[in-house]
There are 2 protein chains.
Amino acid sequence: MMPRIDLTTLDDSGAAERHVRADAAANRALILQTAERLFAEHGVAAVCMATIAEAAGVGKGTLYRRFASKGELCLALLDSQMSTFQAEALARFRQQTRAGQPYLRQLGDFLEALVFFTDKHAPLLAEVQHGGLLRTETPLNLPHFWQFMTVSALLRSAARNGELAPGLDIDYIGEALLSPLQIDIFRFQRDGRGYTLERIAAGLRGLVSLLGEHPT
Amino acid sequence: MMPRIDLTTLDDSGAAERHVRADAAANRALILQTAERLFAEHGVAAVCMATIAEAAGVGKGTLYRRFASKGELCLALLDSQMSTFQAEALARFRQQTRAGQPYLRQLGDFLEALVFFTDKHAPLLAEVQHGGLLRTETPLNLPHFWQFMTVSALLRSAARNGELAPGLDIDYIGEALLSPLQIDIFRFQRDGRGYTLERIAAGLRGLVSLLGEHPT
DNA sequence: TTGACAAGCGGACTTGAGTCCGCTAATATC
DNA sequence: GATATTAGCGGACTCAAGTCCGCTTGTCAA
């Protein structure tokens, strides 16, 4: 029911992984380490690509050969955390389904978890998303992609299970529920409006619960 | 009930409008005309500030003195259209309220109109929003500001009128309903997903109508 | 081992946003 | 009408993202 999305596989753009030259792999790891350190020291936004290259002792061209943009570099740094998050979410789904939890409840929980994930990784996510939600060919929208797949799968399960009000555009609703988690909007709500994470999560849960309420 | 938001006044940052030097005003108009022409010819994204300055026959410094960023320039170009849109929306609200239309219906209509407005002015809105939803001090988030004021006023009216399900976080819902109209998300839905404007509008209407449905 | 060649590499270069600061000139006062 | 004051002006400059291209080197096949 829930498609397992292997981020790593998708990231390597599918099939033919030829010979990865040792120096290339070493540079990749070196760059990631260096970037992580610099980001931790000065903040993601304040560190420019040239600085990373210099600190890693490689040329700018090399840096850009490994990572086509700052967004891709940040995505690579997020990769393992995303996989973990995804695995935990899937495990929770299985357990909750076994326990007979409604799918809408699972969706609410997932969105809440996503709120905290988004908050925790906001700076990296900002770079990833500014690189482009559009540009569907780059891996940059992978986070949104799997979030959407998850949400819409849950919605479809809920519909199949008779939990949903009739006549809803499930795909649209999936996108709409995720919209407030787009980083610019999320940050605006968090920093500009001062909403707490709890309030944001509760708001999303509220919307989800409306999906289950049938017309009187 | 509906706060009238005067964009122009807000734009001029309030009170003391000293002497506007004639050359400054002339340059402002000249720049706006020039930008409008270049944008029409080559597209907003493809025209850079230096080109606008050169085409207008002014220095880059002058351009930036009139408009602190490309976003502000684009906002200025949108100004009259936004005022018109706003005035029409208010007129429609008055008429609909007189005709006894529920406020939630008015909200649906407003969001639908906003979908078409967003589509029509997507390129300019993109520049405005990339300039910053955050940075609450700049006028750049004026569009979002008045959209939010309008939506939340309608929601409050609906609540006062007993049209709303109980226990909703009205402010949060206002933001959430507007989120899918943030330009990056809107474009992704329109261009990436291929949703028609009608589908987007219908999706938003669907969400709005859920707000009115009470638990069984 | 060697040699061909694709992959990898580095850094100069381009592009565009936005800043700075010394010169100029519109306005208000005398 | 002269002059001081202060906004306005222009374009050189900075900063960061991302591109280009000629040199280098790891890898495979002979």
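A, B, ... follow the sequence lines: proteins, then strands. Residue 1 opens every chain. Side chains included, hydrogens not; waters and symmetry mates left out as well; all remaining heavy atoms used.
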Six-ring centre of B:Phe110, B:Arg105 cation under 6.0 angstrom, axis tolerance 45°: no
Length of the CZ-P vector between A:Arg28 and D:dG26, whole Å: 20 Å
Spacing between B:Met49 atom CE and D:dC9 atom C1', to the nearest angstrom: 15 Å
side-chain hydrogen bond (donor to acceptor under 3.5 Å, both in side chains) partners of A:Glu112, counting only residues at least two apart: A:Arg205
Interatomic distance, B:Glu127 CD vs C:dG16 P [rounded to whole Å]: 13 Å
Step-by-step side chain to side chain donor-acceptor pair (under 3.5 Å) determination, B:Ser152 to B:Arg156: CA-CA 6 Å; B:Ser152 73; B:Arg156 263 189 289 276; 3.0 Å; yes
Atom pair distance, as rounded to whole Å: CD in A:Glu54 and P in D:dC15: 14 Å
Distance in angstrom units between A:Leu73 CG and D:dA17 P, rounded: 11 Å
A:Phe67 CZ - D:dA17 C1' separation (whole Å): 16 Å
Closest nucleotide among D:dA17, C:dC9, C:dA17 to the A:Arg65 side chain: C:dC9
Distance test, side-chain N/O of A:Thr62 to OP1/OP2 of C:dG10, below 4.0 Å: yes
A:Glu72 CD to D:dA17 P, straight-line distance once rounded to whole Å: 15 Å
Contact under 4.0 Å: B:Arg66 side-chain N or O vs D:dG8 OP1/OP2: yes
Length of the NE2-C1' vector between B:His42 and C:dG16, whole Å: 16 Å
A:Asn27 side-chain N/O to C:dC9 phosphate OP1/OP2 under 4.0 Å: yes
Proximal nucleotide (of C:dA17, D:dT19, D:dA16) relative to the A:Lys60 side chain: D:dT19
Derivation of the salt bridge (charged side-chain N to carboxylate O under 4.0 Å, His left out) call for B:Arg92 and B:Glu88: CA-CA 6 Å; B:Arg92 202 164 47 241; B:Glu88 287 174 357; 5.3 Å; no
Aromatic B:Phe148 / basic A:Arg193 pairing, under 6.0 angstrom, 45° off normal: yes
N or O in side chain of A:Lys70 less than 4.0 angstrom from D:dA17 OP1/OP2: yes
Earlier contact from the 5' end, DNA chain D, for A:Cys48 and B:Gly57: B:Gly57
Sugar-phosphate only, base, or nothing, as touched by A:Ser69 at under 4.0 Å among non-hydrogen atoms: sugar-phosphate
